[in-house]
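Read through the structure below, which is laid out as structure tokens, and then see the notes.
Residue indices begin at 1 and follow the sequence shown.
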Amino acid sequence: MTAPLVDTNVHHKPQGVSDRVAFGFVKLLRFCADTFFAKRYGHRAVVLETVAAVPGMVGATLTHLKCLRRMCDDKGWIKTLMDEAENERMHLMTFIEVSKPTLFERFVVVAVQWVFYLFFFGLYLVSAKTAHRVVGYFEEEAVISYTHYLAEIDEGRSPNVPAPEIAKRYWGLPDTATLRDVVLVVRADEAHHRDVNHGFANEMVGLPQTPVAPCPPHAQLEPTWKAAA
């Protein structure tokens, strides 16, 4: 399978106060990540994918409850957001196999997840549009980070190890797939999430929709109890 081409230059120019707040917040997160992880991109991915898996689940939950209260259609948002959360979790499971996080990094994962979950839940209640814009900008930064990761691999500073089995099954990669192949499909996923979330934010305020980057195909992994039956 060949990863879809990714436009790494896509950027939503902030319009209005909420966009500027979202952009500034994400840039602050980027500064913290750069300071803490430097160029240890595998370890960075483990922590940041933990954060990235939160918004989709929060958005899907609150949208589901809103649609129940209002007895209205969700326009496909719930499944889209649930798929995003699942996809980001698979990114995490993949990079855990690659980087083998330390005990301290596992503690950071737990702490960051709780703090970010509570923050994002509150933000979504106050302004769902701003919350989706935060995710859009977050994914813009993810595309940049994975592009840098590819450069590290291509220039020999990061080893191009064999792809984990979970990644081969989820993205349908060949047996000969390497970490570089994994980073390519993960980056394509992030570009897709970037455009979808900016699209959600645009829809909420009546702005025109922009093109959405294609997403690599994902396998539906069987539950262990079902596979054993």
Task: Evaluation steps, ring pair (Phe, Tyr, Trp, His ring centres under 6.0 Å), between Phe23 and His12 - done: CA-CA 9 Å; Phe23 186 65; His12 175 83; 9.7 Å; no
Open item on the list: Quick one, Val196 with Phe200, criterion side chain to side chain contact (heavy atoms under 4.5 Å, CB included). Give me CA distance, side-chain angles, the key distance, then yes/no.
Closed with: CA-CA 6 Å; Val196 166; Phe200 280 166; 3.9 Å; yes
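Val10 and Val135 fall into different hydrophobic clusters, where Ile, Leu, Val, Met, Phe, Trp and Tyr residues are linked whenever their side-chain heavy atoms come under 4.5 Å apart, directly or through other members.
For the pair Arg20 (side chain) and Gly16 (backbone), a donor-acceptor distance under 3.5 Å is present. Side chain of Glu190 to backbone of Glu139: no donor-acceptor contact under 3.5 angstrom is found. Using a distance-only test at 3.5 Å, with no hydrogens or angles considered, no donor-acceptor pair links the side chain of Asn160 to the main chain of Ile153.
Of all the heavy atoms in Leu184 and Leu150, the pair that sits closest is CD2-CD1, 3.6 Å. In terms of heavy atoms, Pro4 sits closest to Cys215 at CG-C, 4.3 Å.
Other residues, nucleotides and ligands contribute over 12 non-hydrogen atoms within 6.0 Å of the CG atom of Leu65. Within a 6.0 Å sphere centred on CE of Met82, heavy atoms belonging to other residues, nucleotides or ligands number 12 at most. The neighbour count for Leu5 CG, taken as heavy atoms of other residues, nucleotides or ligands under 6.0 Å away, does not exceed 12.
No close placement of the His64 and Trp77 rings is indicated, their centers lying 6.0 Å or farther apart. If you look at Phe138 and Phe25, their ring centroids are not closer than 6.0 Å.
No side-chain heavy atom of Ile166 sits under 4.5 Å from any side-chain heavy atom of Trp171.
A salt bridge links Asp19 to Lys129: one of the charged nitrogens lies within less than 4.0 Å of a carboxylate oxygen.
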